[in-house]
> 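Have a look at this one.
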Amino acid sequence: MIINKPFSVVAFGVAIVLQSACSHNDAVSPPANSQVLFEDVSESVGLVTEANWKYGGPAVVDLNNDGHYDFLLTNHDNTPVQLFMGNADDRFSEVKDIFHKADLHGISAGDYDADGDNDILLSLGGGNGLTPQPQRLLRNDNGTYTDVTKEAGISKLGARGRSVRWVDLDNDGDLDFMQVNAAKVVNETLPRNIIFKNLGNGTFRYVESPGFEDIEAERVLITDYNNDDVMDIIAFTSYDKTSIWQGNGDFTFTNTTSTVFPQGHDDYPGTITVAQADIDNDGDLDYYFARGKLYYTIANDSLSFDKEHQTLDLRDVGSKSHDGLTLYADSDLTLNDFYHFPRAKLLDFMPVFIGANKQQITTPKEDHTVTQEQAMGFPTELNETGWYLGYLGDNKWRLEWMLTDDLAWDVRASLTGVTDYEASWKPQDLAVPDVLLRNDNGVFSDISERIPDTLKTNNWGVTTGDFNNDGNADFFVYRFGDLKRRIADVMLLNTGDGHFTSSVAHNATTEIDLKSHGDSGVAFDFDLDGKIDILSGDDDNGKWHLYKNVTDDAHNNHLLVKIGYSKNGVDPYGAKVWITTKGQKQYKLIGSSNASHSQSLLNIAHFGLGKDDVVTDITVLWRDGTTQTLKNQQANQLLTLGKSIL
């Protein structure tokens, strides 16, 4: 195996390779010598994407097991699945049309048929319960993707799909899977959440799982919180409680929330993404819950007012309603982005009426200036769906909006020239405090007070990695931002003493002040240079971005460990890796380091080593119980443990 990189690679049990030549700013920044910096390399590496909707982050996985990560991207229902394959030159090539455009939510990839490449699961929405959909299974045959949903025996059970997860639930060596769905509607008789057992012959069968089937969640993180080598799940949703379920190894789970979560907790509602990492290097996984409010929740009495720039943005419910507010402006008002989030095809456009005579104008998408004279007076009767704007005199305006039925998911408007406003309703606070849980031998302590105040915002995503190679796991948190303005995401650097410093001066948010929002992403080393990079998705008409880590950390060392298949042919999911140096011991669980709707398979484990230049012990435990060990390895190289079966 020859790797075309100036990098050290040793493949244990496979082949020997080359020796390395590796080389609003409201946050408290870390010391200069630990500042982490990124560069947006999206276009230069071939990751060219449209500005579009997202759905909770990407799936990052080495689909063909060639040693280069690939990207599975979802733009919700606006584009087909996007697949970008990683190449040896650190660029990406798009593979088009692996699946048609659909109401796509979560994505996951895993080798269910044990042929050496990873197959793809897609979670599709169910038309608000009107058209329940099974997940789709795309079998990977050397880069050709065939929809085998029907022949695999999984086409009869479907729901309002949200998330799919590959996981070996009975520890028999092959991958089963679960689908986690949105709440059932009245006429649904199938289970809400569904588990399929892998029969080992290319087919699956439904397995009943009491408890799991009724979990109130749309996302789950696959983990092993109690280190019993049986996979557990943390189940969460933006609108209800978070729960933790111990896997029993027989397709069932036991709800251990009351005994594992801290006493007096509120079950942490509002969790949107969970990341797992051993932040204190004690050998178990700790958890960061990014919490906030999603679009449906935001769409109710939400308002952003920038007095300096005289801009006011608002969002409200798209159901039957009538509301309004008083505006103050020294002169004319400029209207733009008057919009409704479509709900089926119930409302083509929402009209805008000006002045007492209700003069209708074209619903403004771009800037449309309305003078005081044009808008003189306010109508005495409002009886149809629309926006109503009138000038009342003395620099005072009135804006009201009415929907005569449940016509949209939300309504939005933006105005410029506003010096102040008054509302009879209180704009809702979109911030939900994030949660940091320390794992102490399978029981959690809440150490959320260590999260800096910078993150008391509406946070949609979190990913994790050792971004400065000091041997401590860090976090990168995605902030939704204002209603119409992207703000910088926050880097949390682990100081090694149980605390974190925060920074927004990292250059890993390039859409600042644009109309997009923070969503989620995944941290990993895409170019195998020993530094953790980030793949991020900006939602609400933002793009996908690949941020290369360009931090000057020449004084810190690293190690990359690629986990292949066990000697019995068991894939890397659920494998555990421990490394020991003179300074510390580190641990990682192979799979997805974070979870929203999609699941990644990060089987090239990255370890920052700080000043240590020798790794005295590397041990991998696969889920079939087999192990492999290396002793006394130099830092700054890539090692491969396990085998390839391609």
Side-chain angles (χ1 to χ4, degrees), residues 295-296 298-343 345-430 482-485 515 540:
Y295 290 123
Y296 295 162
I298 291 172
N300 187 12
D301 291 344
S302 290
L303 185 149
S304 294
F305 176 51
D306 185 337
K307 195 174 186 66
E308 179 183 357
H309 295 94
Q310 298 188 349
T311 59
L312 184 145
D313 308 309
L314 64 88
R315 294 190 187 184
D316 205 7
V317 295
S319 54
K320 186 176 182 180
S321 58
H322 179 193
D323 217 332
L325 72 165
T326 299
L327 306 173
Y328 294 90
D330 294 335
S331 184
D332 305 332
L333 286 178
T334 299
L335 285 54
N336 62 63
D337 282 346
F338 275 60
Y339 171 81
H340 71 277
F341 197 114
R343 184 172 185 166
K345 295 182 179 180
L346 301 176
L347 182 63
D348 292 330
F349 65 93
M350 191 159 162
V352 177
F353 303 102
I354 302 298
N357 294 327
K358 296 190 284 191
Q359 178 68 40
Q360 184 173 345
I361 64 172
T362 301
T363 304
K365 296 181 180 179
E366 306 296 335
D367 287 353
H368 181 106
T369 298
V370 178
T371 67
Q372 295 175 349
E373 292 75 18
Q374 290 172 330
M376 188 64 67
F378 195 82
T380 57
E381 183 179 5
L382 310 183
N383 52 16
E384 61 181 297
T385 293
W387 300 91
Y388 298 83
L389 177 67
Y391 178 62
L392 307 181
D394 296 327
N395 294 333
K396 187 175 181 180
W397 298 67
R398 182 67 183 172
L399 175 67
E400 296 188 16
W401 51 99
M402 170 181 281
L403 290 98
T404 58
D405 206 339
D406 300 344
L407 301 174
W409 293 120
D410 70 27
V411 295
R412 310 177 185 185
S414 297
L415 302 98
T416 303
V418 180
T419 58
D420 209 344
Y421 75 94
E422 292 176 355
S424 59
W425 42 272
K426 181 181 179 181
Q428 71 160 305
D429 184 358
L430 301 184
D482 296 331
L483 290 183
K484 249 184 64 174
R485 185 176 69 94
K515 295 178 183 179
D540 205 354

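Side chains included, hydrogens not; waters and symmetry mates left out as well; all remaining heavy atoms used.
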> Where do Gln372 and Trp397 come nearest, in terms of heavy atoms and distance?
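That would be CG-CZ2, 3.7 Å.
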> Mind listing the closest non-hydrogen atom pair of Gly417 and Ala329 along with its distance?
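It is O-CB, 3.2 Å.
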> For residues 375-387, which residue pairs pass the side chain to side chain donor-acceptor pair (under 3.5 Å) check, not counting sequence neighbours?
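Counting only pairs at least two positions apart or across chains, the side chain to side chain donor-acceptor pair (under 3.5 Å) contacts touching residues 375-387 are Thr385-Thr404.
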> Between the main-chain N or O of Leu407 and the side-chain N or O of Asp405, is there a donor-acceptor pair closer than 3.5 Å?
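Absent.
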> Using atom types as modelled, flag every donor-acceptor pair under 3.5 Å from a side chain in residues 310-318 to any protein atom, sequence neighbours excluded.
unit_1, atom_1, unit_2, atom_2, d
Asp313, OD1, Ser414, OG, 2.7
Arg315, NH2, Leu483, O, 2.9
Arg315, NH2, Asp540, OD2, 3.1
Asp316, OD1, Asp301, N, 3.1
Asp316, OD2, Trp401, NE1, 2.8

> Run the salt bridge (Lys or Arg N to Asp or Glu O under 4.0 Å) test against Asp323 and tell me which residues pass, sequence neighbours left out.
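Scan of Asp323 (salt bridge (Lys or Arg N to Asp or Glu O under 4.0 Å), adjacent residues dropped) gives none.
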> Which residue pairs pass the salt bridge (Lys or Arg N to Asp or Glu O under 4.0 Å) test when at least one of the two sits in residues 386-401, sequence neighbours left out?
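Those involving residues 386-401 are Arg398-Glu400.
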> Can you name the closest pair of heavy atoms from Val352 and Phe338 and give their distance?
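Closest heavy-atom pair between Val352 and Phe338: CG2-CD2, 3.9 Å.
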> Not counting sequence neighbours, which residues clear side chain to side chain contact (heavy atoms under 4.5 Å, CB included) with Asp429? List them please.
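Testing Asp429 for side chain to side chain contact (heavy atoms under 4.5 Å, CB included), a comparison that skips the adjacent residues, returns Ala431.
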> Restricting to pairs with a member in residues 300-334, which pass ring-ring contact (aromatic ring centres under 6.0 Å, His included), not counting sequence neighbours?
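Checked against ring-ring contact (aromatic ring centres under 6.0 Å, His included) - neighbours excluded - the pairs reaching residues 300-334 are Phe305-Tyr421.
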> Check whether more than 12 heavy atoms from other residues, nucleotides or ligands sit under 6.0 Å from atom CG of Asn395, and answer yes or no.
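Count over threshold, so yes.
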> Please indicate whether Glu373 has more than 12 foreign heavy atoms, meaning atoms of other residues, nucleotides or ligands, lying under 6.0 Å from its CD.
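It does: Glu373 CD has more than 12 such atoms within range.
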